[in-house]
Amino acid sequence: MPVGARGALPGWLAAADLDPEWVAGALADTGNGGRPGGITNLPVPGRQPRSLVAVGVGDATPAHLRSYVAVAVRRAQTLAEHGATRLVLPLPEGAGPEAVRVAAEAVVLAGYRFRLTSAPHPPRLARVVLVVPGAGPAAVDALHRGLVTAAAVVWARDLVNTPPDTADPVWVAEQAQARFALHERVGTTVLGPRQLRAAGFGGLLAVGGGSDRPPRLVLATYVPATGLRPHVVLVGKGITFDTGGVSIKTTAGMRQMHTDMAGGAAVLAVLDAVARLGLPVRVTALVPLAENAVSGAAYRPGDVLTHVGGRTTEVRSTDAEGRLVLADALAHARLDLAAEVLVDVATLTGAARTALGARTGALFTTDDVLADDLLAAGAAAGEPWWRMPLAEEHVGHLRAQLDSPVADANNSPGAPGATTAALFLQPFTGGLRWAHLDVAGPARAAGDAAELVKGGTGFAVRTLLRWLESGVSEPVRPGTEDPGAAPPGVTGSAAAAVGEEATPWQDWVTRPRTS
Ligand code: BES
Ligand code: MN
Ligand code: ZN
């Protein structure tokens with residue numbers, strides 16, 4: 001039962017044979033004034049259900065609803081261990097389709113558990129009933145979108161939480177293939193070392209070279225019935241375990257590094273939901289998968305790698321491996337997949353986590369339209385992002401830190417670490433519309449919080465889905481304030497950059513492909 005701000009009670013209490021004064025008194029006695037997530041147990045003797053649980057829903061904002069639903073579901077799961085089978089969850093009066101979606105997502109996500117225990121799993125609720133006053137077709141559609149979204153996030157969490165002895169590159173690729181085989185409009189290709197060599201993936205092969213578990217590239221494309229442009233390519237970092245390599249991490253620093261494929265899991269999950277929802281946008285998920293291991297075959301500091309497209313990198317730290325595999329994938333998306341918009345998701349730098357903490361993702365892009373769209377999508381989805389600077393006045397002076405005497409760049413360019421990592425990636429995007437999402441903080445939760453559960457969070461899935469659902473908007477072209485002014489067929493800022501002054505970072509290798 002929802003308790004609104006200042007203890008407001010739902011109008012249906014009397015109709016449900018409950019005395020509003022008795023309920024109000026019990027809430028007052030326990031100090032439950034409707035604060036989001038506040039909870040009071042009200043045993044109701046002699047009737048079914050025996051248990052009424054009053055939970056604060058505050059002002060019923062989306063964030064308050066997430067807390068309300070999460071607290072109710074967690075309590076109900078506890079009651080399920082003592083025989084309850086069903087949670088009836090009324091939404092507050094006035095709840096519209098958006099509230100239904102948010103609530104549906106929170107029901108599934110807050111009830112999520114990942115266990116590999118030998119004992120049988122405790123009993124779980126068999127059913128959750130959302131009661132929505134005045135629900136119409138829009139609410140049903142919102143419910144569907146919410147459940148598809150949540151199922152995708154659950155899959156991402158499962159991939160992240162599966163321990164690295166199981167979740168190696170081959171296993172993750174197989175999971176993707178099996179899941180996408182169910183979708184008519186998704187084609188999945190998995191490349192192994194031989195094909196990666198032929199396609200020039202020097203970064204991915206180097207990072208994966210020290211492991212007995214060979215690297216893979218998952219390439220999954222969803223082709224919609226309508227809406228073929230722009231082609232959005234989502235790239236996700238898929239390091240199934242990051243020891244740091246020869247530049248080895250400490251035991252403490254390594255402990256959570258099976259979650260270093262969270263970006264890859266997120267983009268696979270987004271593609272899954274895009275296909276299930278049949279969105280009218282062309283999306284490809286590209287996930288370079290490797291285990292960054294230590295062995296006699298491992299790459300080492302001093303190595304110079306050649307990426308897809310020909311750009312070279314001097315390795316200074318084998319622990320800065322994420323950017324090496326992303327570089328190949330971004331270049332491949334641009335040169336071989338005709339990407340028009342690029343978004344990468346990666347647990348890339350401890351610095352992003354240090355700067356923003358474990359609840360907020362770092363968003364890097366020079367494209368204001370893309371930034372605003374992603375920030376808006378994240379706000380609606382309940383995933384907070386903070387835009388980091390990437391404009392020349394902020395970062396121009398940092399580019400010198402990327403210099404190498406022998407290669408086009410070095411991979412360990414120093415502080416500010418999240419920003420210099422973004423600058424490392426930038427040339428591989430070749431000036432396409434591009435956003436870089438560093439989720440090193442929020443990809444993992446240290447404990448349960450609202451709809452988040454300790455462990456992998458699936459962060460970025462809900463944001464990217466909302467963004468794709470909203471339709472990928474055109475860039476604002478320089479000299480016009482009207483995004484509709486683009487000539488037909490021109491959607492990317494790469495085209496817009498032609499003939500305009502080149503910024504100093506536009507030094508990407510544009511060598512023609514030979515194969
Ligand atoms: N996977 C790590 C980043 C990370 C750290 C994610 C902590 C989540 C929590 C990444 O591969 C890494 O090791 N980055 C280095 C880069 C440095 C060597 C330039 C880092 O952030 O220290
Ligand atoms: Mn690393
Ligand atoms: Zn890593």
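Note that the structure is a prediction, hence the values are computed from the model and not measured. Counting starts at 1 for both ligands and their atoms, following the listed order.
Here D319 does not reach the Zn ion (ligand 3): none of its N/O/S atoms is less than 2.8 Å from the metal.
Looking only at distances, a side-chain donor or acceptor of H231 sits under 3.5 Å from a matching main-chain atom of L337. Here the side chain of T188 pairs no donor or acceptor atom with the backbone of Q177 at under 3.5 angstrom. Between the side chain of D438 and the main chain of L348, a donor-acceptor pair closer than 3.5 Å is present.
Taking the N/O/S atoms of D260 in turn, the shortest distance to the Zn ion (ligand 3) belongs to OD2. Looking at E321 and the Zn ion (ligand 3) together, the shortest N, O or S contact belongs to OE2.
The 4.0 Å heavy-atom shell around ligand 1 contains residues K237, D242, K249, M257, D260, S317, D319, A320, E321, R323, T347, L348, T349, G350, S412, A440, R444, ordered by chain and number.
Centroid-to-centroid, the aromatic rings of Y222 and H183 stay 6.0 Å apart or farther. Checked against a 6.0 Å centroid threshold, the rings of F241 and W171 do not count as neighbours. The aromatic ring centres of F364 and W385 sit 6.0 Å or more apart.
A donor atom on one side chain and an acceptor atom on the other are found under 3.5 Å apart for R399 and Q426. For the residue pair D168 and T240, no side-chain donor N or O sits within less than 3.5 Å of a side-chain acceptor on the partner.
Panel detail: the Mn ion (ligand 2) has protein N, O or S atoms under 2.8 Å away, 4 in number.
Put simply, CZ on R353 and OG1 on T347 are 10.5 Å apart, with the number rounded to the nearest 0.5 Å.
Ring orientation note: the planes of H436 and W434 are close to parallel, at an angle under 30° on the 30°/60° scale.
A cation-pi arrangement is absent between R157 and F114 under the rule of less than 6.0 angstrom and at most 45 degrees off the ring axis.
Put simply, the angle at the Zn ion (ligand 3) from NZ in K237 to OD2 in D242 is close to 170°, to the nearest 10°.
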